[in-house]
Structure formats: structure tokens, C-alpha cells
Amino acid sequence: MQEIKKDMYLIDKAELLQVIMEKKNALWRLCQICCSFPKAENHYEVTYSFANGYDFANYRLIVEKDEDVPSISRVYKSAIYYENEMHELWGLNVENIKVDLHDKLYRIDVETPFIEKEDK
Amino acid sequence: MTERIIIAVLYVLLAPFVIGLLDGFDRKISARMQGRRGPSVLQPFFDLKKLFEKEFLTANKAQLFMIRSYLVFIVLSGVLFFGGFDILLVVFSLSTAAMFLILASTSTHSPYSAQGTHRELVQIMSCEPMELLVAVGFYLAIGTFNVNEIIKTSISPIAYLPGFFVGFVFILTIKFRKSPFDIATSHHAHQEVIKGVTSEMVGKEYGMVTLAEWYENAILLGIVGLFFLNSNPVSIVAAIIAILVVWFLEILIDNTSARVKWQLMLKLAWGVTIVAAGMNLLLLEIIRG
Amino acid sequence: MGQFLPFTKQVLKNLFSEPATTQYPFVPKEYPERTRGHVDINKDQCILCGMCMRSCPPGAIKVDRAGKTWTINRFDCIQCGYCVEKCPKKCLSITAGYQEPGPEKFTYSVEVPYEPPKPAAKPQA
Amino acid sequence: MSTIHKSPWLLHYDGSSCNGCDIEVLACTTPVYDVERFGVINTGNPMHADIFLITGGINSQNEAVVKQIYEQMPQPKVVIAVGTCACTGGIFKECYNIKGGADTVIPVDIYVPGCAARPESIIDGVVKGVALFKEKAAALKASENAN
Amino acid sequence: MEMLVTALICLPFLWAILPAVIHNSKCRAFFVYLGCGIVIALSVFTAVKWYLAGGQATDFDLPYREAFDHVILVGDIFLMCLITYLSFKYKKGVISLLAIVQTVLVAALELFGPKVQEAPALHFDWLTFVMILIIGVVGSLIGIYAVGYMHGYHIHHHKELTDRRSFFLAMIFVFFGAMFGLVFSQSLIWLYFFWEITSVTSFLLIGYTRTEEAINNSFKALWMNLLGGCGIAAAIAVGVLLYQNVNLYDMIKIAILSKYMGVPNTLCLLPIACLAFAALTKSAQFPFSGWLLGAMVAPTPSSALLHSATMVKAGVYLLIRISVAMADNYVGNMVALVGGFTFLAASCLAISVSDGKKVLAYSTISNLGLIVACTGCGYEETIWAAVFLVIFHAVSKSMLFQCVGAIENTTGSRDVEDMQGLISLFPKLAVVLMIGIAGMFLAPFGMLISKWAALKAFIDTSSVYVSTLMVLFICFGSATTMFYWTKWMSKILGASGKEKSRDLTKKNEYISMFFHAFMMVALILGFPWLSSHVLKPMSNEMFGTDVQVISYQNIIIMIVLLVGVFVIPAINYVLTKNTKAKQVITYMGGANCGDNFNFVSSTGDPKEMHISNFYMEDIMGEKKLFTPAIMVSTVIIIVYMIIVIGGAF
Amino acid sequence: MGKRSIVPYGPQHPVLPEPIHLDLVLEDEKVLAAIPSIGFIHRGLESLTSKKDFNEMVYVAERICGICSFMHGMGYCMAVEDIMNVEVPRRADYLRTIWAEMSRLHSHLLWLGLLADGFGFESLFMHSWRLRENILDMFEASTGGRVIFSVNTIGGVLKDMPNDMLKEFVKKLDDMEKEIRETTSIFLNDYTVKSRLVGVGILTGEDAIRRGAVGPMMRASGINVDMRKNGYAAYNDIDFDVITSNNCDSYARCEVRIGEIFQSIDIIRQCVAKIPDTEINTKVTGMPNGESIIRVEQPRGEAFYHVRANGTKFLDRFRVRTPTFANIPALTQTLQGCQYGDVPLLVLTIDPCISCTER
Ligand code: SF4
Ligand code: SF4
Ligand code: SF4
Ligand code: SF4
Ligand code: SF4
Ligand code: SF4
Ligand code: SF4
Ligand code: SF4
């Protein structure tokens, strides 16, 4: 585990929706969701970034390889693209995306290119 | 009569050359207005010839025959006009021709042709009242629909018909497919309906449509000239000057305006028609008692 | 003119003044000195170390130590100049003049006169 | 005499370029470079185009699109690959979703290298492409007569 | 002659009993065919006989005139009772008031009023000649069509409805009889009787299906038409009380004389104004257009009947009849303005609807508007145009309705949007539809010739503002008309991705449609002849002059264009048939899935492409235009009626 | 289906210089629904981290997009510098700021041209692009490239602009400013142009936030956020106000961008006046290890560079979230209920950059 930056908070899955709702109600804007799979750690890291004016906050979820994450697309519509991307490129299962494109966002030929086969 | 036949034949033979050349100058002048050098003035002819040399692809074979019919009808209308016949019938016959163009375009089931077609229809609807009113204006001013008799008048019709003239020049912008009204098939490719009605027309089909447009523009410019003609031969010079001025004005408008939406076009075209031509009409009626 | 056709002035000014268009290709273009056109090699200084080959992002350079050639595929080069940065002998340069378009993608190869150091040095490495 | 070489209308399609080459293609139509000097019109419609200018490499999604557009262009036609990406895939050729240059799906007649390809390069490319029309038009005529 | 005419009027009434009592469908069909055949034969024979006899206008009486007078009185009262009964039954009792007032008025005048001048009851002239041909031929063909259509309607498509075909077919014959009677009648009282029959019959036909919508619409039709009936009753009252005269032709003469003698008394115009008002309701002009639109709920044959050969034509007939009395006066101005306005407004409205029958309905209203406007102008040219329009309209509208009906039975939809690519799916239906549509607006078909003449005449109309407005109405209306027809045509000729399916159209439906198509073409080809041999004597008879409305030169142009429209595409078709063309798929910006009908959608799956026409609901929609149109036209009518009535007293 | 049309829009479409696709559901020309799809330009360049070392990645980052190429390079370098705790020489910061603002200038002029082309004002398009050529000439003179500069490196910049050159640029910009002012006044005043922009594509401030809009798109909805105020590069030394507008329509977006054109010229002037004479890069040694998120204000709005390194020369993750990606949900909102003719215009008002969106 690497050091965590000052505006980065680790949360677990149970807290996620609560955090999201708080942010939504306080009119924070969803900046991005970033999925990564550091080989050394051998798990997914999903980072949700929010901003409100010049305030900035990141929430990180650690997800094991075969775990699912809940979708936030019903709270933040723009999450649809990020979540579909996570599934298409990383093979991370997101439950119940508002518009599930079933790996047809980019329509690539290779399967989950960011994860090597043996990692899966 | 022979005179009229000769003029009609000259129209059929020369109109493409004259309008093609005007078009060439149009492109040159437009380019210069945009700070560019632009193509050769003969470019429209190169383009046309090329279109007829291209391989013929089609999505629907019915299209070609409709386009041919369109061309023939336009030429027929031109012959009627330059042959000095009834101007109202010329307008009617032009709209029949337009119908063939529309049918040609929709025969292909293409989204862009379809959108273009509907806009073309709106354009026709925007212009047609004014075209009919021009015929009415001539009748009121001179007492006949007959082109051959209109040119024999002693005073140029423009003296009675300034409002009609303004209205007509306004819709010419639509007819010439110039900005701000190049809504259905502009000569600029970069628009939401691509090339609209002509999107699906390949090679010679597109060539024929271009040719037909030239023939049609000749008629329209002819009508502009008709406003200035009278029994005095000097008026021919006035008519030619008027045509050139109107033509330059259209280029200028083309280069200084954005493409508006069809709703605004319809509103403006009908508004101008009612105000300019309607007032003129009312005045003429009052004078006639 | 106000709201209606305010662009007229500009347009008419353009119409009656010289267009901005260059005369290229009839008159050749003059490039500023920093222009990154194509990569050139001063073959006499090259030591065939292969640094440029390894650093080139698209892999446009091939250095053949045995055949003593330095080859570049200019249809593959992205003119980034990283090879120039990296070359230990500073024998590469990026200069004006671009690769002419053509119907084939060909490579450009130079024979490098470099003689590798005597094998005596080898045991050390 | 055919006049196709005097009136080459072009169609530009962005395969998967970074935009750099696209804006240079577009810049060619603007006052400083003004390719309309050569009769070029930038049409957006394959049905009317003579020259297919393709920028960027081929990926899984645009493969079919490029093929379709190419087929909708009537003969004689010329394909010009503009930019290093369209020539070879360029810096992106190792990406998982890049299949290579434009020639992986359609025959390319002229390659215009450069990242981004300069407007001068593009003009040269177009001029060279236009020169091919004479032969192509003759070939088309011959094949039509043969039928 | 008397006998023939009597037969023409009475036979359909009597024949109506046959289908009403026969319930075996084959047998009934036979009698309907036979009846229609007889009506065609009889009307053509009568017309031709009169034509060969020199075409002189003649007055005559029926045998047993007295008896007929009584029958009519009893009939009036019977109709009143029927209306009262039905309106109370459906809880619309107010409507019966209209019927009671007018019938009581007419009956009272007849029984207790001053004695009126004796005059022959019937009249036969060129206008009658045209009308009986239209009613006889077009009407009967609709009858023939109806047999097959109603069979399909009940047996295949609307099993839920009670089968009342006997009643339906009987009503059709009643309609014929009433229409014949109407166009022959010289006495206003007779005219009034036949007028009421058409109102009631159409009411019954519209309510045929007995659904709630049908019943509502039928009552709407009823009250509007009854309002018109009131107009005639008022005309009768004025005639009886002021002039002791109920003869239509005398009324017209009085009105004309008042103009020529410079009598300033607008009293003479009052009966004409009342009649004109009545005719406006029947010809479905704004603000009375609602009933004709509502009539669409009825099975197609009745729509065809109401829209083309009968019903609305009754109104138009009356207007043409009295048009000479409307030239250059307030009544004429009113009629012209209402007509012109209707022409424009209805054609705008037609743009915004996609239901095929509704488009046809609006186009009928619009076309009637043009005819009405022509009659209001009252010049030779306009009458010439009006009669032409009546003829062309009857044929092409009847054909269009039948065709749309057949399409609905075959494809299950009459929506214009669903007719995409009809030409490749059902070429026969498509061709009929195309001919019908072309007939409605295209140069040089009939409609256009008439428009030409009408425009010319309107320019020459003496009233400055009427003339200006009319010219504008026509110019704008022509543009909107072109819009909605062309977009329909473009649907039919488009490409279709559907599979071909079986054409369910019955043979007798085709017989009728093809016959119409044939008539259409014959009319176009024969129009110069028609102009010189029918319309010229007619205008001579009405105006005492025979001006050549359309110049010889223009006739030639028309014929050239006509030949053009048929021959040029034909030649081009032949020329292009063998053109070598490489087939490509249509351009969809590269999203095409391989055929012309599907594209790769945003979810990555193929999706069917739909292309639909423009309807401009924001600009021309019913919601937007209908109410204002009614208000404008109501204002026009009220203002003019006040001027006329006010001037009279 | 009745009166509805369902038609594809794009991917190849002449008003879209880059391919995107929309499924449009239309009634007449009114857009009832517009569903975008992307991926026609998806290359997968983020995955190149496993094939190119972190130095080479600078050149990849530049080629995320050819319009704000410079800012991508800069953003990436800043992120790596942050991880490696490299102090960039001050002159390099100023040079980066100047190039960045010149990029904004050229990008906004380019956008104005495309917008003009989008509403069919060809001569205005030509005129805007002619003005833009002057900026490209400056780029070529200073970096050797018209479009892609290759001047960023981890630790600073590779090429210096001598002070004479900077003065000359400022002089050129002074000359251009007048011309630009004339041209932009057409966008703001012409009747036909206004008929296309005013009231079209409304996006309220709240919607902008809910949908995550960024950049001029957001500022035109009255929200005052500009990443430059975070003070990266030399911006903490510069005096400027964030430009916003409260109209929330296409006209407002045009207004904001036009305002930023003059703002950029002003920032360049300030930079040239204040630029210190120091080195332009520092030598960087070692491998990055750690994580950093850098946000940069690009012409199109806030861009996100999320770099995660693991102590080798190959990065674990390089994530770019470009402004267009963030603006697409806002675009779908503005497309609802617009006219077909407005579609290209509204697509343009987010100033789309598909190549960076899809990477
Ligand atoms: S096609 Fe393009 S370049 Fe040509 S005139 Fe139209 S907009 Fe301009
Ligand atoms: S300039 Fe860049 S791409 Fe070209 S050879 Fe050098 S390193 Fe390779
Ligand atoms: S050019 Fe430079 S880097 Fe390349 S092999 Fe030669 S010496 Fe090495
Ligand atoms: S070569 Fe470059 S500019 Fe051309 S398409 Fe490829 S990436 Fe784009
Ligand atoms: S060649 Fe270079 S500039 Fe052109 S698209 Fe490719 S990366 Fe971009
Ligand atoms: S304007 Fe036309 S040619 Fe230029 S980038 Fe756009 S689509 Fe391509
Ligand atoms: S917005 Fe994107 S697609 Fe459009 S020109 Fe700019 S970079 Fe190209
Ligand atoms: S947002 Fe677009 S234009 Fe800007 S840097 Fe990214 S890719 Fe380039």
C-alpha cells in the first residue's frame, strides 16, 4: 500500500453510497472515477473524485478481483460512462448501471486490455 | 414568333454557359471576400464535366429517371419563359419540376436526403407565394401574364412593382441556396443535412441536378430582368445591370450571414412577402380602383 | 449596419485587398530555423550505440551494428526529437524540410563508417 | 479529356487521429493554404468525393466505417493517408485498439508522413494524388467499354 | 324528360328498400350492384338525352305535383320527429330545437302563410347536367365499392361492431335520391326538403358504428347542418313574406335586378345571404368545418360519399347556382372571404396531420374553400374554375378515399407514415393513389388550370381589399397545398424495407378505383372539349356571354405540360431502365448496417431507421390553428350578415 | 412510430471534424432524444504505460490531442514532477504558461471558426482561421512545430524563447487584438448569428454541476471555477479574473470563450513582463514512486491527470480525464428538445475534442 495523499480518503464499500449522497446533496460535482489495477497490489483501486468550487476530495475503494462494486449512476448520471468503461476495460463488475452498455462503449476487439489474462 | 423561338433556343443552348460562368465568378469573388485566391472561373465547368465522367453508383435506380424528368421540366419552364408565354404557368411548371426533385431525393431512404427534402419543401413553401405574386404583379401592372406582352410595355414594370421586386430579390436568396437560407442543399458541404436533397446523387445524377439548377437560375435572373424591360431597347442594358447588381448582392449576403433555421426562414420569407408584395399589391389595386 | 450584415465591411475589404493565400507549391515555403522537419544524421560521428533506436517512441529507427547501417522510416517518424535528445554523440539533428509524400512507404538508410573499438576492450564489458 | 484532375473533391474522415492532422487538413482549406485553388472542394459526402483523405489509424470500431465510406465513393477515386498515424499507426501502433495504418482496410494511393502532417505536405500529397486520376480515369473508361 | 327525371329522383328512394330488407349478403350485393348500375345508366342517359336535345334550360313539373307537395310536407315533419326522437334518446335534446323551429316555420308558412306564386317545381340546365353526372357516376361507383369494402370491414377488421350493412347500403341510395332531387328543385320548399334529407342521412351514416365518438361526431354534423337548414328556412320565410315567392331562380333574378336597376334596397339580397349561409355550412367552410372532419369516423365509403359526390357538393351546388347574384356585393364578398380563408387555413391544417383520411378531409375543406371563393366572386372565369374544380375534385377525392380505405384494409393503417414504399409493396394501390394526388395539385392537372383562372379573376375583382386578400389567400394556400401533397407522394415512392404481403383489396373495389383513374385521365385529356362544349354554354346561360376563359395558347401549353408529365417520365424510364449502375447502400454517415434500413445504434446493436415527414405541429398544428380559424371566419360571417341584414332594414 | 424519425447522426459527418455518433429521435426536426456513442477514436493509449517508459510517455501524452497538445504534455509532466518532488525552474513555469495561453488562444480561435462553419457562416470561419495562422506561425518559430511542440520534458522545457522573441510575439498579439476584436464582435452582434445562438441549448448552473460540466461550458452557466486559479505553473503570479456568464445558452458559451481570448493575450503580456532569467529545466534522476492528481485548465475546461507510479520506469496507471469526457452528459442534456439544425452547433458549444475523450 502506498502513501495516501492529503485529499484522498479510503472508504469501504458500505460507506460509498452514503458518501455519494452527501456529496450530491452538498452540490459537489463528480470529476471522475478512476479504476486501476496496480500489479503489485493485485487488487482494483477505484477512485471517485469530487469538486466543489476549488475544494477537492477523492475517495478510494479497494476492491478485490472477484468483487463487485455498486453503481453510483443513479445518483450521478455522468458516472454511466466511467462505470461502463471500468467493466469494458478492466473487467470490474459494476452492479446495476443505469444504462448498461454491456461492453459496447468502445466496442474493442480485445477483452479487458488493462488486465492481463493470468491476473484475472 | 420566330424571334421568340430563337430566344428560347438560345436559352437552351446558352443558359448553362452564362450561368456557369457567373457561378465561376461567384466562387472567385466569394473566395476573395474570404481572403483566399479561389479557383479558376471555369471551375464550375470542370466540376460539371467531371461529374458526368464518374462511375455511376446508385442506391435506387428510380432516382435517375426522376432527375431526368426534373431537368427536362426545368428546361421546359425556361423555354416557356424565354419563349414569351404565360408567366404564371412558368411558375406552376417550375413547381412541378421541383416535385420531381423531391421524389428523386426521397426515393433513396437516406436520413440526410430525407431531412434535406423536408427542408426543401419548406423552402418551396416559403418562396412559392412570392413567385405567384410576382406573376400577379405583372398582371396588375401590365394587364397580362404573357411575358411577350409584358416586355412591350412603355414603362418598365419596376415603376409599379418596387415592393414585388424587393420581395422577389429576398426569396432569390432562398432559391439560389445562399446563406442565410442555404437550408436544404447548400453549396457548402458543412451542414447538418450534408448535401440535403442531393446527398444520394452520384456522378451524372448530381451533374444533371447542377445543370438543372443553372437553367433554373437563368429563369430567375430572367425574371429579375423582366422587371426592367420595356419597349425601348436601351432597357436591355438596364436589365443586365440590374441582374448583375442583384447577383452581386446575393454573393455579398451569402458571405456576411449565418445560416438561420427553417422556422425563421419561413417567417421571414412570408413576412417579407406579405409586407413588401402585399402592400404593393394593395396600392396597385387601389390605384386601379 | 448594426445588427444586419455587420461583416460587410470586412468582406469588402478582403475583396479589394491581396488574398492571404501562399503561392505554395509554386513558390517554395521558407521555414523558421527551429522547424522540426526530418531527422538527419551525421554518419561520421555515429557510434551505432542504438540509443536512438531504443528511445524512439514509434520505433522508426533501426540500428544494425553488424551491418553497420542506421535506418529510419520517415513514414513512421513522429518528429518528436527524442532521439536527438538522447543521442550520446549528438550526431542526430532535426531540421527543416519534410519527407515528400509518395505512393510507397520506404526507408532511408545510411552506411555508418564507425569502427567498433578493438575487441581488447571487450572483457571489461 | 477528362477533367477529374481539375476538380478533385475531397472527403476527410478522421480514423483515430489525435486531431493534429485533422486540423491541418482543415487548415488547408482556409485562406493561407486555400486548396480550392486546385479546384478542391471539401465535401462531406462520399457519394460526391474523388479523394479520400484519411487521418489516424484504424481501430476496431472505425474499420467498418472506413470501408463503407470507401465503397460509397464512385470510381475513379484516390485514397490519401495523411499523417504518420494513417501511414503506419505511428506512436499508437502498439495500442491494443489500433490495427495499423489506413492500408490495413483499404488500398492507399499516397502516403503523407508527418506528425502532424504539414499543410504543405498535404498539398503535395493532394497534387500527387490528383496526378493519378488521369490513369485511373482511363482505366475506368476501358473497363466500361469492355462491359 | 319529366318521366326520366322523376325516375331519377324517386327510384333511388324506392330502391333503398331492397338492401334494407334483404339480409342475405350475396343477394343484397347483387341488388346494390344492379341499383347502382341503373342509377349510372339512368343519369347518363338523362344527361346525354338532354345534351343531344340541344342543351336548353328547361322548367317542368313532376306528374302529380300536388301529391308530391304533400309528401314533402309530411316528410319534413317526419324528419323533425326523427331528429327530436334521436336527440332525446342520446340526451342532446337541444339540437332538436333547431329542427323544430325551422320545420314549424316552413310548415306554418306553407299552410297558413300568404299564397305564393305558382311555378314549375323542377329545372334542368347545364349546371344540373354536370351535377347529375357527378352524382350518378361517381356516387354509384362509391356504392359499388361500398359492397366489397363493408364486407371486409365487418368480416375481417371490425368484428366487434354490429353488422348494419343493410341499413348502410340503403342510406346510400337515399342519399342519391336526395341529391338528385336537390339539384333539380326549383322551389325552395322542395330544396329544403331534400336538403334536410341529406343532413339526416349523413347524420345517420356518420353515427353508423354507434361508438361514442361516432355518435358525438354525428350530432355535431347534425346541428351544423340544421343550422344551415335554418338558413334556408329563413330564406323561405323572407321569400314568402316579402315577395310571395319561393322560387330559387326568381330570388336570384330579383337580386341581380336590384343591382342593375340601381335599387339600393339590400332587402333583395337577404334571401341570397340566407341561402349562402346555408351553403357555407353544408360545404364545411370554416367555422363549420368540424362536422366534415368528424365524419371520418364513419366507414370509408360514407366518407367518400360525403366528401366527393354528394353532401358537400350540395352546398357548393347551391353557391354556384346563386353565384350570379353574389357578384360584387356584400354576400359575395362574405362568401369569397370565407372560402379563401378556408382554403388557406385548411391547407395549413392538412400539413399537421398524418392520418391519411384526415389529410383528405382537410384537403376537401380546403378545395371546397377555393370553389366557394370562386362562387363568391361570381364572375364567368371563377364560375368556370369553380365547376371545373367541382368535377375534378369529385373524381379524385372519391378515388383517394377509396384508395386509402383499401390501403387501410390491406395494411391495417391509414397513416401516411405507414405508407412508406407503397409503390413496391402494393403497386396497384400506389398508382391509383398517385394519380389521385397528382390530380389534386400538380400542373397541369385540373386543379391547377382552375387555380390559374381563379387567380386571374380574383385580381380583377372590383373590391380592393377583397381582391388583395383573395390573391394572398390563393398564393399562400397554393404553397401550403403543394407541401402536404408532395410529402405524401414522397412517402409512397420511397423505398421500403418491409416484406411484400397479400393485397386484400376486393375486385369490385379495384373496379371502382380503376374506373375513377380512367375518368381522371379522360377528364384531363378531354378538358379543352369540356371547356368549350359544357362550360361555355353554361356560362352563356348564366351570364349571357361566352368569354374564352383560358386562351388558346395556354391550352396548348397545358397540353404540352400534360404530355410532359406523362411522356417525359415514361421516356426517361425507358432510357434509364438499362443504365448500368452499381448498387450501393445509402449514405448514413458510415453507420449503415449493410442494408438501407438499419444502422448501428449507440448501444452497438442494429436499429431500424425511421424517416418521417414534417408536420410542423408547432406552427400549423390543429391545437394552434383550429380555434383561431373558427374565430376569424365566424367574425367574417357575423360582420357581413350584420351588414346585409342591417342594410335591409 | 407515427410521426417520429429515428436516424443516425455520424460517425462520419462533415460538420463533425471528428467522429462521434448520435442516435436521434426526431419529431419534424425537434430532437426528442439524442443518445451519443463514442469509441470511434479509442486507441487505448493509457495502456502504453506498460510499453513506453515514463519519459517517452511525454510524447504519447502530447498526442492525446493535437489541439491542446501542449497542455497534455505539461499536465503529465507536472504530475510526474509532483511525484518525484522536482522543483521546476521558474522560467520554465513562465514559458509553460505562455505556451499554454497561446494554445488557448489558438484553440478558441479555431473553435470560433468551427462554430461559424457550424452555423454556415463560411467567410467568418475563414477569417477566424486566418487569424489563427498567426499564432501557429509563432508556435513554429518558437517550438519548431505548428501543432505538436515536443518542448515539454520532465523537469522543465526543452526550448527557450529568447526575450527578443517574446517581445516580438507581444507586439504581434497587440496588432492581432484589434482584428480579433472586430471579428468577435460579429459573433456577438450579428442578427443571423444571434438567431442561432441566443436561447439555444440552455444548461442551468445546477444542471451543469449535476452533470459534471467543466470549463467554459460551466462558466457560461454562471459557475465561477477556473483551475488556473489553483496557481500551477506561473499563474500564481498573474492577475486575472475568471470569466463567467449567466445566460446559460450557446451565446453565453461563445461570450465566455471570446472573453478568454482577450484574457489570454493579457496573461501573455503579464508573463513576458515578469519572466525571470533562469534555467529552463532541471536534471531529473531516479524513478517515480507515488501518486499524483493534477488538474489543469485547458481551453475546454478542467483536465485530470492521475499518475500512479511504482518505482520502475513503467507507470502503473496514467489516467486522463479530459474536459470533453466530462461535458458529454451536459451535451445530452442540452440536446433534448433542440432542433436538428442545432445539433452540430450544440455539439460544438462544448468544444468537443473526441480524440482526447476516447484516448
Ligand atoms: S464546402 Fe466547405 S469549404 Fe467549401 S464552401 Fe462549403 S463550407 Fe466552405
Ligand atoms: S524524431 Fe522521434 S520519432 Fe523520429 S526518429 Fe527521432 S525519436 Fe523517433
Ligand atoms: S545516432 Fe546517436 S544514438 Fe543513434 S546509434 Fe548513433 S550514436 Fe547512438
Ligand atoms: S496520421 Fe496523425 S493526423 Fe493523420 S490520422 Fe493519423 S493520427 Fe491523425
Ligand atoms: S500523426 Fe501525429 S499529429 Fe497526426 S494524428 Fe498522429 S499523433 Fe496526431
Ligand atoms: S469542416 Fe468538414 S472537412 Fe473540416 S474538419 Fe469539419 S468535416 Fe472535416
Ligand atoms: S473540437 Fe475536437 S473534433 Fe473539433 S476540431 Fe477540435 S479537436 Fe477536432
Ligand atoms: S481537451 Fe481536447 S483539445 Fe484539449 S488537450 Fe485534450 S484532446 Fe486536446
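Protein chains get the first letters and strands the later ones, always in sequence-line order, with residue 1 at the start of each.
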| said: What part of C/Glu33 gets within 4.5 angstrom of chain F, counting heavy atoms only: side chain, backbone, both, or neither? | reply: neither
| request: Give, as side chain, backbone, both or neither, the part of F/Arg63 having an atom under 4.5 angstrom from any heavy atom of chain C. | output: side chain
| query | What residue in F/Asn55, F/Thr192, F/Thr143, F/Val58 has the most heavy-atom pairs under 4.5 Å with chain C? | reply | F/Thr143
| field | F/Lys313, NZ atom: more than 12 neighbouring heavy atoms under 6.0 Å | value | no
| field | Rounded distance [0.5 Å steps], CD in F/Glu62 versus SG in C/Cys80 | value | 8.0 Å
| said: Is any side-chain heavy atom of F/Lys159 closer than 4.5 Å to one of C/Arg34? | reply: yes
| query | What part of F/Leu158 is in contact with chain C, defined as an atom under 4.5 angstrom from a non-hydrogen atom: side chain, backbone, both or neither? | reply | side chain
| Winner by heavy-atom pair count (cut-off under 4.5 Å) against chain C, out of F/Arg130, F/His127, F/Arg146 | F/His127
| query | What part of F/Lys194 is in contact with chain C, defined as an atom under 4.5 angstrom from a non-hydrogen atom: side chain, backbone, both or neither? | reply | side chain
| remark: Listed by number, the residues in residues 44-58 of chain C that come under 4.5 Å of chain F (heavy atom to heavy atom) are C/Arg54, C/Ser55, C/Cys56, C/Pro57
| said: Quick one: does any side-chain atom of C/Arg36 pair with a main-chain N or O of F/Ile148 as donor and acceptor, under 3.5 Å? | reply: yes
| Which portion of F/Glu182 sits near chain C, non-hydrogen atoms under 4.5 angstrom | side chain
| query | From F/Ser150 OG over to C/Ile94 CD1, what is the distance, rounded to the nearest 0.5 angstrom? | reply | 7.5 Å
| Rounded distance (nearest 0.5 Å) linking atom NZ of F/Lys52 with atom OH of C/Tyr82 | 11.5 Å
| chain F contacts: which residues in residues 71-79 of chain C have a non-hydrogen atom closer than 4.5 Å to it? | C/Ile78, C/Gln79
